[in-house]
A.B. asks: 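Before I ask anything, let me first share the structure, which is written out below as structure tokens.
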There are 2 protein chains.
Amino acid sequence: MKLLHHPDRKDIRLPSVLYALSDPVRLHMVAQIYNSGEEQACKCFDVPIAKSTLSQHARALREAGITHTRAQGTQRLLSLRTEDLNARFPGLLDTVMNAYRKDQQEANLRTDPPLEETQQG
Amino acid sequence: MKLLHHPDRKDIRLPSVLYALSDPVRLHMVAQIYNSGEEQACKCFDVPIAKSTLSQHARALREAGITHTRAQGTQRLLSLRTEDLNARFPGLLDTVMNAYRKDQQEANLRTDPPLEETQQG
DNA sequence: TCAATTGTTCGTTTATGACCGAACTATAGA
DNA sequence: TCTATAGTTCGGTCATAAACGAACAATTGA
């Protein structure tokens, strides 16, 4: 297969990283790797999109320098470039992941409204 | 003039914030407000674009919930919604601004190469 | 009232990217 | 070798957004 290009640490640029993280699907993928603490195969990502689209998102994350992709059999295992990201932009990954958690909580508040609005009394 | 819409704190969403910050022009604008410590008029932003384009960027930042815009005479003064951002996504603004500083330094290293490559010796 | 300043809005062009399905590649296993 | 699995690439559609200049609006100051 074609060699996968990963940018050097010094070529990881902030606007590209922020752009890559600004898409909800990619943010979810990153959070899934982050929270699992392990490499994740594309197959395992819990996102409702076509596999061709998912493949493009994986490429976007890799080319932004956020993830590292390695081949294992027919699978591509994605891990976070935690050291590179922390060296380049200290604390950014953790801060964004914390923010993502809070943002998801806020989103859930809307989907599942509080009791006083659900006519349970 | 038309009332400027600012999203409520709870309506500030992470992907929108990251997207707004992923544009180099907007990132520069935010950094300029952040570093100056004061409100900045559109007029004062040091960016090489048409004023209509700048106006659009200012709107994008406002609608993402990153800036607050108030009118003073013919000027629009932009400030950062620091409290709202820190309440919603703790540390994000500071982390991104630190990252921006580092990213600019890295960019300068390329524009101004180190001495050993400039045949000064 | 008139002109200058500051910013917004509108119409247009151009580029990018998110998405899909179809076709393809590569590997693993029967 | 054949099939299934996992992912990539390609061609296309559609939407968004970045850019500009022109025209407009609002305020200030002469």
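Just so we're on the same page: letters track the sequence lines, and every chain starts at 1.
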A.B. asks: Mind listing the closest non-hydrogen atom pair of A:Ile12 and A:Val17 along with its distance?
C.D. replies: CG2-CG2, 3.5 Å
A.B. asks: Rounding to a whole Å, what distance do you find between A:Leu21:CG and C:dG17:P?
C.D. replies: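 Taking atom P of C:dG17 as the reference, CG of A:Leu21 is at 15 Å.
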A.B. asks: Give a yes or no on whether the backbone of B:Pro7 and the side-chain of B:Asp11 come within a donor-acceptor separation of less than 3.5 Å.
C.D. replies: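 A pair under 3.5 Å: no.
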A.B. asks: Output all residues satisfying side chain to side chain donor-acceptor pair (under 3.5 Å) with B:Asp23, sequence neighbours left out; order by chain, then residue number.
C.D. replies: none
A.B. asks: In this structure, how many angstroms lie between the P atom of C:dG17 and the CD atom of A:Gln56, rounded?
C.D. replies: 11 Å
A.B. asks: I'd like to check the side chain to side chain donor-acceptor pair (under 3.5 Å) partners of A:Arg13; sequence neighbours left out, ordered by chain and number.
C.D. replies: B:Asp103
A.B. asks: Per the salt bridge (Lys or Arg N to Asp or Glu O under 4.0 Å) rule, what does the pair list look like for residues 92-102 of chain A, sequence neighbours excluded?
C.D. replies: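 Residue pairs with at least one partner in residues 92-102 of chain A: there are none.
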A.B. asks: With sequence neighbours left out, write down each residue that passes salt bridge (charged side-chain N to carboxylate O under 4.0 Å, His left out) with B:Arg70, or none if nothing qualifies.
C.D. replies: B:Glu39
A.B. asks: For the helix from C:dT1-D:dA30 to C:dA30-D:dT1, what angle separates the axis at the start from the axis at the finish, each from five pairs, in steps of 10°?
C.D. replies: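 Rounded value for the end-axis angle: 20°.
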A.B. asks: Just N and O in the side chain of B:His57: are any of them under 4.0 Å from OP1 or OP2 of D:dA19?
C.D. replies: yes
A.B. asks: Of all of residues 22-50 of chain B, which get a heavy atom below 4.0 angstrom from DNA chain C, listed by number?
C.D. replies: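 Heavy-atom contacts with DNA chain C come from B:Ala41, B:Cys42, B:Lys43.
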A.B. asks: Figure out the CD/P separation between A:Gln72 and C:dA26, and round it to whole Å.
C.D. replies: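 Distance check: A:Gln72 CD to C:dA26 P gives 18 Å.
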A.B. asks: Among residues at least two apart in sequence or on other chains, which ones pass side chain to side chain donor-acceptor pair (under 3.5 Å) with A:His57?
C.D. replies: A:Arg26
A.B. asks: How many whole angstroms separate atom CZ of A:Arg76 from atom P of C:dA28?
C.D. replies: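 A:Arg76 atom CZ is separated from C:dA28 atom P by 11 Å.
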A.B. asks: Calculate the interatomic distance between B:Arg59 atom CZ and D:dA19 atom C1'; express it in whole Å.
C.D. replies: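 Rounding to the nearest Å, CZ of B:Arg59 and C1' of D:dA19 are 14 Å apart.
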A.B. asks: How close do B:Pro90 and A:Thr95 get, heavy atom to heavy atom, and via which atoms?
C.D. replies: O-CG2, 3.5 Å
A.B. asks: Can you give each donor-acceptor pair under 3.5 Å made by side-chain atoms of residues 42-55 of chain A, sequence neighbours left out, with the distance rounded to 0.1 Å?
C.D. replies:
none

A.B. asks: Please list, for nucleotides 13-16 of chain D, all pairs of protein and nucleotide N/O atoms separated by less than 3.5 Å.
C.D. replies:
none

A.B. asks: Check the distance between D:dA18's C1' and B:Leu54's CG and give it to me in whole angstrom.
C.D. replies: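 It is 13 Å, rounded to the nearest whole Å.
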A.B. asks: Nucleotides 22-24 of chain D: which of its N/O atoms have a protein N/O under 3.5 Å away?
C.D. replies:
none

A.B. asks: Can you see if the side chain of A:Thr53 gets near the phosphate of C:dC19 - specifically, an N or O under 4.0 Å from OP1 or OP2?
C.D. replies: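 The answer is no; no side-chain N or O of A:Thr53 sits under 4.0 Å from OP1 or OP2.
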A.B. asks: Drop me the distance from B:Ile33's CD1 to B:Gln40's CD, to the nearest 0.5 angstrom.
C.D. replies: 6.5 Å
A.B. asks: Tell me every residue that passes side chain to side chain donor-acceptor pair (under 3.5 Å) with A:Tyr19, counting only those two or more places apart in sequence or in another chain.
C.D. replies: none
A.B. asks: Could you state the atom-to-atom distance from CD of B:Gln75 to P of C:dT5 in whole Å?
C.D. replies: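 About 13 Å, once rounded to whole Å.
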A.B. asks: Between A:Thr74 and A:Ala60, just flag the one whose closest nucleotide in DNA chain C comes earlier from the 5' side.
C.D. replies: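 The residue closer to the strand's 5' end, by nearest nucleotide, is A:Ala60.
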A.B. asks: What is the ring orientation for B:His6 with B:His68, classed by angle as parallel under 30°, tilted 30 to 60°, or perpendicular over 60°?
C.D. replies: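 Correct class here is parallel.
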A.B. asks: Has the side chain of A:Arg62 got a donor or acceptor atom that lies under 3.5 Å from a matching backbone atom of A:His5?
C.D. replies: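 Side chain of A:Arg62 to backbone of A:His5: a pair is present.
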A.B. asks: To the nearest angstrom, how far is B:Leu78 atom CG from C:dT6 atom P?
C.D. replies: 15 Å
A.B. asks: Apply salt bridge (charged side-chain N to carboxylate O under 4.0 Å, His left out) to B:Asp8 and list each qualifying residue two or more places apart in sequence or on a separate chain.
C.D. replies: B:Lys10
